[in-house]
Protein chains: 2
Amino acid sequence: MSDLLERLRGRGWRMTAQRRVVAEVLNGEHVHLTADEVHARAVTKLPEISRATVYNTLGELVSLGEVLEVTTDKRAKRYDPNAHRPHHHLVCARCGAIRDVHPTGNPLADLPDTERFGFTVSDVEVTYRGLCPDCAGA
Amino acid sequence: MSDLLERLRGRGWRMTAQRRVVAEVLNGEHVHLTADEVHARAVTKLPEISRATVYNTLGELVSLGEVLEVTTDKRAKRYDPNAHRPHHHLVCARCGAIRDVHPTGNPLADLPDTERFGFTVSDVEVTYRGLCPDCAGA
DNA sequence: ATCCTACAGTGGACTTTGTCTAAGTCAAAC
DNA sequence: GTTTGACTTAGACAAAGTCCACTGTAGGAT
Ligand SMILES: [Mn+2]
Ligand SMILES: [Mn+2]
Ligand SMILES: [Zn+2]
Ligand SMILES: [Zn+2]
């Protein structure tokens, strides 16, 4: 993630302890944390960081394209640092576990012109739902 | 929609003015209203209907399978009476307009076993995003 | 090294969306 | 017409997120 910090400094980001901690928390694969989860983890490293700053920083990372917003459930938005490899999500309907998945094929090609209503379609989001091995029981 | 009311009565639903009004409001094609939008429209027909009743009634319609919950944006859930024809959604990124779409192909088949992480995958939701004709400008 | 200041952070009030509960009301079975 | 349990209501409460006035500081200028 120091890649990320370098890139951000290059873009004129003022480097602060708060921003460094948020970037650290968002490190890893299959990471899809809510803003308050990010805050909870950030607080263990920098106790005085505020909720507002976490929200602000996440919002900036999203508009810089370094982090994706994912809304897999109807509850809180989740923040996904895996922004540089396009992917979709597989969600457990019971426990909420989320996995990054890479389906074959291009769903954009599956939407005929007659079903586009004159829209300029630029993106498609696919969410698979089911039960994870634990929640499926035996 | 009196089809719906008949079906619900048959299922033992007690028929009240409030439930009738909510069902009336949810009549039509390409309808994707938030709970508070449903409430606002219901109030014009039955001024004393409460928010709690609208939420309760929508929740019941969803668990009866008569209405779908769709979460196309990160804001309020939307309620979709078109529950009997499977479909996906096309959303304008700028104004939020929503259209029902019927892509060809089966996205479930596009998720290889190696990308299922042992999940029992039962459902897939596809959201297309772009700009509607109005928002794409001239 | 110190100063300066525009940018960043803070706590708290506020908003939106949704849930819950206690008390009152009424649809429908008899 | 009475009875009764399901239904409705107002308002308190909660979770997720935004906004603002004020305070603090990173990093360039001196
Ligand atoms: Mn992801
Ligand atoms: Mn729909
Ligand atoms: Zn699970
Ligand atoms: Zn539009």
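Each chain gets a letter, A, B and so on, in the order the sequences are listed, and its residues count up from 1.
Between T34(B) and R9(B), it is T34(B) whose nearest contact on DNA chain C lies nearer the 5' terminus.
Residue T16(B) has no polar side-chain atom (N or O) positioned under 4.0 Å from OP1 or OP2 of dC26(C). Taking 4.0 angstrom as the limit, Q18(A) places a side-chain polar atom (N or O) nearer than this to OP1 or OP2 of dT10(C). At the phosphate of dT19(C), neither OP1 nor OP2 sits under 4.0 Å from any side-chain N or O atom of Y55(B).
The base of dG18(C) sits within donor-acceptor range of the side chain of R51(B), with an N or O pair under 3.5 Å. A donor and an acceptor atom sit less than 3.5 Å apart, one in the side chain of R14(B) and one in the base of dA6(D).
Contacts of T53(A) with the nucleic acid, taken as non-hydrogen atoms under 4.0 Å apart, include base atoms.
Comment: E60(A) does not engage R11(A) in a salt bridge, judged by the lack of any side-chain N to carboxylate O separation of less than 4.0 angstrom. By the 4.0 Å N-to-carboxylate-O rule, K74(A) lies too far from E69(B) to be salt-bridged with it.
Separating the CG atom of L33(A) from the P atom of dG17(D) is a distance of 13 Å, rounded to the nearest angstrom. Rounding to whole angstrom units, CD of residue E60(B) and C1' of dT19(C) are separated by 14 Å.
Side-chain atoms of H32(B) and N82(B) include no donor-acceptor pair closer than 3.5 Å.
Listed nucleotides: dG18(C), dT10(C), dA28(C). Nearest to the side chain of A52(A): dT10(C). In the set dG17(D), dG27(D), dA16(D), dG27(D) carries the atom at the smallest distance from any side-chain atom of M15(A). In this structure, of dA10(D), dA16(D), dT8(D), it is dT8(D) that holds the atom nearest to the side chain of R19(B).
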